[in-house]
2 protein chains.
Amino acid sequence: MVNVEQVLKDHQIRPTAIRLLMYRFLTESEVALTLNDIESGFDQSERTTLYRTIKTFEKKGLVHQIDDGTGVAKYALDRPVAGKQAEQDLHLHFHCTSCNETLCLTDHKIPHISLPKGFVTEDMNLVIKGVCEKCSGQ
Amino acid sequence: MVNVEQVLKDHQIRPTAIRLLMYRFLTESEVALTLNDIESGFDQSERTTLYRTIKTFEKKGLVHQIDDGTGVAKYALDRPVAGKQAEQDLHLHFHCTSCNETLCLTDHKIPHISLPKGFVTEDMNLVIKGVCEKCSGQ
DNA sequence: AAATAAATGCAATTTAAGTGCATTATTGTC
DNA sequence: GACAATAATGCACTTAAATTGCATTTATTT
Ligand SMILES: [Mn+2]
Ligand SMILES: [Mn+2]
Ligand SMILES: [Zn+2]
Ligand SMILES: [Zn+2]
């Protein structure tokens, strides 16, 4: 059990009611969520506030945005890897074309790619599309 | 010099004036183009037609869409690889955060990734963000 | 408590993507 | 070539996500 309030404070985010609720909501989701998904999870509050909240989380390094090719942004918590520091980056994402869910495969890192001379890598984004284990029935 | 009309016919696309023009336009571009880019390249014709044209090209396997994370779709020609057949897929894309250009690195294939049991891969999309050789000055 | 700064709610804007439908052009049949 | 059938085009309109402006409310600082 983590102290959510403390997590937000540690990221220089003031722990308002909605922020605490959204953080918990994100924690409980196994899959990446669109803003609509998040909105559906809240009776109270309003789209703009939720939008600005998720953007604050993103800027402060609490969540990362995932572009899975569906055209709508999804968000997932930066779940800290035990033992590692700031190394939760560059994992790959899987998008199921059957159930439309997208998830982080946090322990599948993107392999190193060597580029032609002159190209400088700053970030990488690898999305695999296919059928997830729930949908493939395997 | 390829016969553009024949290329279209070979892909079951009727070679209308606009289609011929757009194909040539795509051929001449080193980088992936948004619909706006394409529109800017044509005095005549109209956005919807260009949209439907690029979608026809995509469906018939003449171009592929690239989602580079900027939120707007880009398109690039499926340039046939000499000797290979249908194997022009799964190359990676580079998006320059400086000049905002996106390009196909057609001879950099996406490495094979082994997924957890139950996951079935259908397609992969790898975008590397950074600074291109033009912008890095290297 | 008053002043200051930040967060929220609601309305409105922006922009890319996509659809409906009438018009025009092309193709196949006689 | 005339005619019918089919496909392509142009224009208006819609949809949906993302984003901003601004007034109001809430929290923080002095
Ligand atoms: Mn992730
Ligand atoms: Mn490409
Ligand atoms: Zn699935
Ligand atoms: Zn560049």
Side-chain angles (χ1 to χ4, degrees), chain A residues 4-26 32-60 62-76 95 100 102, chain B residues 4-26 32-60 62-76 95 100 102:
Chain A
V4 176
E5 194 163 330
Q6 193 56 49
V7 172
L8 295 190
K9 282 179 179 168
D10 289 349
H11 286 81
Q12 334 289 343
I13 300 168
R14 289 150 90 165
T16 66
I18 289 172
R19 287 169 174 178
L20 293 169
L21 285 171
M22 191 190 291
Y23 186 86
R24 289 205 194 88
F25 188 71
L26 293 169
L33 300 170
T34 66
L35 192 60
N36 273 335
D37 295 335
I38 295 170
E39 203 182 358
S40 306
F42 288 80
D43 300 326
Q44 68 271 58
S45 197
E46 195 257 347
R47 156 169 227 91
T48 313
T49 305
L50 298 173
Y51 171 76
R52 283 196 264 234
T53 300
I54 200 79
K55 285 300 174 187
T56 298
F57 283 7
E58 188 186 6
K59 196 181 313 175
K60 300 292 189 175
L62 261 189
V63 306
H64 58 286
Q65 181 176 335
I66 303 159
D67 195 347
D68 64 8
T70 57
V72 298
K74 294 182 179 175
Y75 301 89
H95 176 242
N100 197 36
T102 296
Chain B
V4 176
E5 194 162 332
Q6 194 55 48
V7 172
L8 295 189
K9 281 179 180 168
D10 289 348
H11 286 81
Q12 333 290 342
I13 301 169
R14 290 151 88 167
T16 65
I18 289 171
R19 287 167 173 179
L20 293 168
L21 285 171
M22 190 188 293
Y23 187 86
R24 289 205 194 87
F25 188 71
L26 293 169
L33 300 171
T34 67
L35 191 62
N36 273 334
D37 294 336
I38 295 169
E39 202 183 0
S40 305
F42 288 79
D43 299 327
Q44 68 272 56
S45 197
E46 196 257 346
R47 151 167 234 97
T48 313
T49 305
L50 298 173
Y51 171 76
R52 284 196 263 233
T53 300
I54 200 80
K55 285 299 175 188
T56 298
F57 283 7
E58 188 186 7
K59 197 182 309 174
K60 301 292 189 176
L62 262 190
V63 305
H64 58 286
Q65 180 177 335
I66 302 159
D67 194 346
D68 64 9
T70 57
V72 299
K74 293 182 179 175
Y75 301 90
H95 174 242
N100 197 36
T102 296

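The chains referred to below are lettered A, B, ... by the order of the sequence lines, with proteins before strands, and numbering in each begins at 1.
What separates CD of A:Glu39 from C1' of D:dA16 is a distance of 12 Å, to the nearest Å. Spacing between atom CG of A:Asp67 and atom C1' of C:dA16 amounts to 14 Å, rounded to whole angstrom units. Distance, B:Leu50 CG to C:dA16 C1': 14 Å, rounded to whole Å. Between the CD1 atom of B:Ile54 and the P atom of C:dA16 there is a distance of 16 Å, given to the nearest Å. Remark: C1' of D:dA7 and CG of B:Leu8 are 15 Å apart, rounded to the nearest angstrom. Straight-line distance from the CD atom of A:Gln12 to the P atom of C:dA5: 19 Å, rounded to whole Å. For B:Lys59 and D:dA7, the NZ to P distance is 12 Å, given to the nearest whole Å. Here the P atom of nucleotide D:dG10 and the CG atom of B:Asp43 are 13 Å apart, to the nearest Å.
Of the possible donor and acceptor atoms, one in the side chain of A:Arg19 sits under 3.5 Å from a partner among the backbone N and O of A:Arg14.
The shortest side-chain heavy-atom distance between A:Leu26 and A:Phe57 falls under the 4.5 Å cut-off. Side chains of A:Glu39 and A:Leu35 form no contact here, defined as non-hydrogen atoms less than 4.5 Å apart.
For the atom pair A:Tyr75 OH and A:Met22 CE, the distance stands at 10.0 Å (nearest 0.5 Å).
Within 6.0 Å of NZ in A:Lys55 there are more than 12 heavy atoms belonging to other residues, nucleotides or ligands.
A:Ser45 comes within contact range of the sugar-phosphate backbone alone, with a heavy-atom separation under 4.0 Å but no base atom that close.
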Fill in the blank from the handout: Protein heavy-atom contacts under 4.0 Å, written 5' to 3' over nucleotides 17-30 of chain D as B (base), S (sugar-phosphate only) or - (none), form the string SSBBBB-----S--
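For the residue pair A:Thr34 / A:Asn36, no side-chain donor-acceptor distance below 3.5 Å is found, with atom types taken as modelled.
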